[in-house]
Amino acid sequence: MRVLLTGGAGFIGSHTAVELMQAGHQVVLYDNFSNSSPDVLSAIQTVVGIAPTTVEGDVRDTQLLTRTLQDNGIEGVIHLAGLKSVAESRLAPWSYYDNNVTGTLSLLKAMSDSHIAKLIFSSSATVYGQPTRVPLAENQTGGSLTNPYGRSKMFVESILRDIVIADASWSIICLRYFNPVGAHPSGRLGENPNGEATHLFPCVVRAATGRAPSVDVFGTDYDTPDGTAIRDYIHVVDLALGHVHAIECIERFCGFDVINLGTGMGYSVLDVIKTFEKACGHPISVRFSPRRKGDVSACWADTSKARDVLHWSATHDLETMCSTALAFALGSIPGKRE
């Protein structure tokens, strides 16, 4: 299939591009590089052996999107272009609604004008809000949403559901990610956020490699075995392969569906730090701080639907997630690795 990846140069997009290309799909990347680097394109070429076709543009530019879809004969879209920091969304909610909701409406207009009706949407487990029970299944009613980022994803899911109700020719799958981490085994692709790191893995990596003095652990009084929050972490290569299965599923699927992408296992913040300590071979300094507003105690996926519908399941363990993230980081520090 000829696939457009919006946000294709980002952390998830670049890994998804690699797996799609290696599976024989033709890929066009569309990115404004607001939270990525053009250097990623050469890394993808090194890993795959082929340079990806790339268009620099904003997802809210409907005219450019339409030209890109039509000029490249696109048959399906994987929509990954979105702002994703929970903390930032509380400070600038207008930016999140503009980029994530308005940007999706722009893409849908361009797809409609180009007679393309196959879409994989990058959603998030944040749409479940405060969980009433775990593991989280797709048919579970969401609790109260705690941040604009989560609400922006929920709004888009609602829009996509309404579109399929109005026009049965559309095929849309929303993939609800849990916590993508790790890096490509080549060491060429990984998470390298612009600006300040807010997610746990980049923060631990910076402390482990000496680029930060310590890791902030927010909350030690949760109702969990060690008092720290529990999350479902999924290796980014597993997540990328989930998209390959989804784009192949959507070729024979018509309608609307939501599917979790996670491992079905929960690890605490301290579990992650201890596993990183084994990977780097030295202790990592920790600074304990109060809970952050809106953080949930425990969150992990029911993955049975992904197995049944997509015939996909995650295979990488936490040790691999930590070791590949560390290897990528060491390769990006001058003098640390050849």
Side-chain angles (χ1 to χ4, degrees), residues 3-8 10-13 15-16 35 59 76-86 89 96-108 111 118-131 135-165 170-181 199 231-234 236 238-247 249-250 253 255-264 294 296 299-306 309-310 312 314:
V3 183
L4 179 75
L5 268 67
T6 67
F11 174 46
I12 297 169
H15 286 82
T16 301
N35 195 33
V59 74
V77 177
I78 298 178
H79 182 28
L80 302 160
L83 300 176
K84 61 179 185 177
S85 168
V86 168
S89 76
Y96 274 69
Y97 294 129
D98 184 32
N99 190 92
N100 295 1
V101 180
T102 305
T104 301
L105 291 171
S106 169
L107 173 63
L108 292 168
M111 290 178 66
K118 297 184 185 300
L119 175 66
I120 308 295
F121 173 60
S122 162
S123 192
S124 168
T126 56
V127 301
Y128 291 112
Q130 291 282 356
L136 291 161
E138 291 86 350
N139 61 359
Q140 212 164 302
T141 302
S144 59
L145 291 172
T146 61
N147 57 79
Y149 166 67
R151 279 188 283 273
S152 75
K153 292 293 186 180
M154 180 195 68
F155 291 157
V156 172
E157 283 197 15
S158 298
I159 291 166
L160 298 178
R161 186 179 286 105
D162 287 341
I163 283 174
V164 172
I165 292 171
W170 281 82
S171 301
I172 299 176
I173 297 176
C174 297
L175 297 178
R176 291 177 178 168
Y177 306 162
F178 278 68
N179 295 271
V181 297
H199 298 295
R231 296 289 183 270
D232 186 336
Y233 297 96
I234 176 172
V236 66
D238 280 331
L239 189 76
L241 288 168
H243 290 78
V244 176
H245 283 250
I247 204 71
C249 174
I250 211 167
F253 166 82
F256 175 88
D257 210 348
V258 295
I259 301 175
N260 289 335
L261 291 188
T263 65
V296 301
C299 176
W300 66 87
D302 179 336
T303 59
S304 56
K305 191 172 184 180
V309 176
L310 299 183
W312 167 94

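Along the sequence shown, the residues carry numbers beginning at 1. Being a predicted model, the structure only gives us computed values, none of them experimental.
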Contact summary for [X] and [Y], nearest pair of heavy atoms:
| X | Y | answer |
| --- | --- | --- |
| G242 | L310 | O-CD1, 4.2 Å |
| Y149 | S124 | OH-CB, 3.5 Å |
| T263 | T303 | C-CG2, 3.8 Å |
| C174 | F256 | SG-CE1, 3.6 Å |
| P148 | S89 | CG-O, 3.2 Å |
| I120 | H243 | CG2-CD2, 4.3 Å |

**Message:** Would V101 and I159 count as a side chain to side chain contact (heavy atoms under 4.5 Å, CB included) here? Give the steps.
**Reply:** CA-CA 9 Å; V101 180; I159 291 166; 4.0 Å; yes

Can you tell me how far apart [atom1] ([X]) and [atom2] ([Y]) are? Round to the nearest 0.5 Å.
| X | Y | atom1 | atom2 | result |
| --- | --- | --- | --- | --- |
| I247 | I173 | CD1 | CD1 | 8.0 Å |
| I78 | L175 | CD1 | CG | 8.5 Å |
| L108 | I163 | CG | CD1 | 4.0 Å |
| T126 | N179 | OG1 | CG | 10.0 Å |
| L145 | Q130 | CG | CD | 9.5 Å |

Heavy atoms, side chains only, cut-off 4.5 Å: are [X] and [Y] in contact?
| X | Y | result |
| --- | --- | --- |
| F178 | N260 | yes |
| Q140 | D302 | no |
| L241 | W312 | yes |
| C299 | L136 | yes |
| K305 | N139 | no |
| M111 | W170 | yes |
| T104 | L119 | no |
| Y128 | E138 | yes |

**Request:** Answer yes or no: is there a donor N or O on one side and an acceptor on the other, between the side chain of Y96 and the main chain of V86, under 3.5 Å?
**Result:** no

**Message:** Tell me if a side-chain donor or acceptor on T6 pairs with a main-chain N or O of L80 at a distance below 3.5 Å.
**Reply:** yes

**Under the salt bridge (charged side-chain N to carboxylate O under 4.0 Å, His left out) test, residues paired with E157 that sit two or more places apart** =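 Scan of E157 (salt bridge (charged side-chain N to carboxylate O under 4.0 Å, His left out), adjacent residues dropped) gives R176.
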
**Request:** List the steps, then state whether side chain to side chain contact (heavy atoms under 4.5 Å, CB included) holds for S122 with I12.
**Result:** CA-CA 10 Å; S122 162; I12 297 169; 5.5 Å; no

**Asked** How far apart are the C-alpha atoms of K153 and F121, what are their side-chain angles, what is the distance that settles it, and do they pass the side chain to side chain contact (heavy atoms under 4.5 Å, CB included) test?
**Response** CA-CA 10 Å; K153 292 293 186 180; F121 173 60; 3.8 Å; yes

**Complete:** Sorted by chain and residue number, the ring pair (Phe, Tyr, Trp, His ring centres under 6.0 Å) partners of F11 (sequence neighbours excluded) come out as H15

**Prompt:** Could you walk me through whether S123 and V156 pass the side chain to side chain contact (heavy atoms under 4.5 Å, CB included) check?
**Reply:** CA-CA 8 Å; S123 192; V156 172; over 6 Å; no

